[in-house]
Amino acid sequence: MSTDWTAMKRALVRCPIIPVLTVKDVAQAAPLAQALVSAEMTVLEVTLRTDCAVDAIRIMAAAKPDAWVGGGTALAAADIERIIGAGGRFVVTPGAPARLLAAAVAAAVPVIPGIATVTEALTARDAGFRFMKFFPAGPAGGAAALKAFAGPLPDLVFCPTGGVSLDNLADYLSLPNVVAVGGSWMVPENLITQGRFDEIAVLARRAVDRARQLRP
Ligand code: 3PG
């Protein structure tokens with residue numbers, strides 16, 4: 001597993017929010033990255049849900065070499081390779097089936113496997129992972145579930161994603177086993193498609209300020 005973890009975790013301490021980005025037009029990639037980095041969000045996840053996602057990773061990674069641009073929605077080993085090939089510095093998966101976990105272990109960059117239950121967390125733990133995406137966080141039990149995970153799984157930390165917002169950010173960031181949260185609330189689809197990147201920067205800044213209040 002990659003040793004870049006330490007540096008990535010340092011970035012997540014500075015800003016414990018990973019914006020989850022769905023880019024439909026490559027022209028959106030650079031201004032979107034600029035808006036988020038201007039608000040001090042430096043770990044950016046581009047989901048592999050659009051035709052141009054890999055190109056978006058390539059453009060963002062080139063435009064913001066000091067940021068951590070990575071890829072999400074990696075469903076298979078080939079997705080991990082596509083993300084790394086585009087310059088992605090980390091990978092997020094929504095789940096953790098055996099073949100994907102094996103590819104994640106072998107990957108040259110940090111991979112954050114997705115889990116929703118204690119059994120899935122134990123499976124990922126057996127493969128060597130200690131930092132996991134808790135997905136879909138809200139439907140899977142929210143902060144209460146993660147708080148309960150801390151008892152039997154004291155050596156694991158999580159990035160809850162799915163249903164996180166400014167309203168429930170405190171619930172998650174108050175938990176010691178939460179390294180960071182992921183979410184798309186600061187990047188609404190209409191603002192991206194309409195090119196309203198200044199407004200995205202304002203939403204991102206509001207989120208970062210709130211996180212810093214919660215974790216000074
Ligand atoms: C996703 O996979 O889309 C992420 O979990 C983001 O979820 P959110 O849109 O609820 O923040």
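Note that these values count all heavy atoms, side chains included, but never hydrogens, waters or copies made by symmetry. One-based numbering, in listed order, for ligands and for the atoms of each.
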(message) Considering only residues two or more places apart or on different chains, which pairs with a residue in residues 12-25 satisfy salt bridge (Lys or Arg N to Asp or Glu O under 4.0 Å)?
(response) K24-E189
(request) Assess whether ring-ring contact (aromatic ring centres under 6.0 Å, His included) is satisfied between Y172 and F158, documenting all intermediate values. (result) CA-CA 10 Å; Y172 290 105; F158 301 94; over 10 Å; no
(message) Show me the pairs that pass salt bridge (Lys or Arg N to Asp or Glu O under 4.0 Å) and involve residues 125-141, at least two apart or across chains.
(response) R125-D155, R130-D155
(message) Salt bridge or not between D209 and R212? Use side-chain N to carboxylate O under 4.0 Å.
(response) no
(request) Please list, chain by chain and in numerical order, all residues satisfying salt bridge (charged side-chain N to carboxylate O under 4.0 Å, His left out) with R210, sequence neighbours excluded. (result) none
Can you list every pair where an N/O of ligand 1 is under 3.5 Å from an N/O on the protein?
| from | atom 1 | to | atom 2 | distance (Å) |
| --- | --- | --- | --- | --- |
| ligand 1 | 2 (O) | R49 | NH2 | 2.5 |
| ligand 1 | 3 (O) | R49 | NH1 | 3.1 |
| ligand 1 | 3 (O) | R49 | NH2 | 3.3 |
| ligand 1 | 9 (O) | S184 | OG | 2.5 |
| ligand 1 | 10 (O) | G163 | N | 2.7 |
| ligand 1 | 11 (O) | S184 | N | 2.9 |
| ligand 1 | 11 (O) | S184 | OG | 3.3 |

(request) Check the hydrophobic clustering (I, L, V, M, F, W, Y; side-chain heavy atoms under 4.5 Å; chains of links allowed) and say if I17 and F135 are grouped together. (result) no
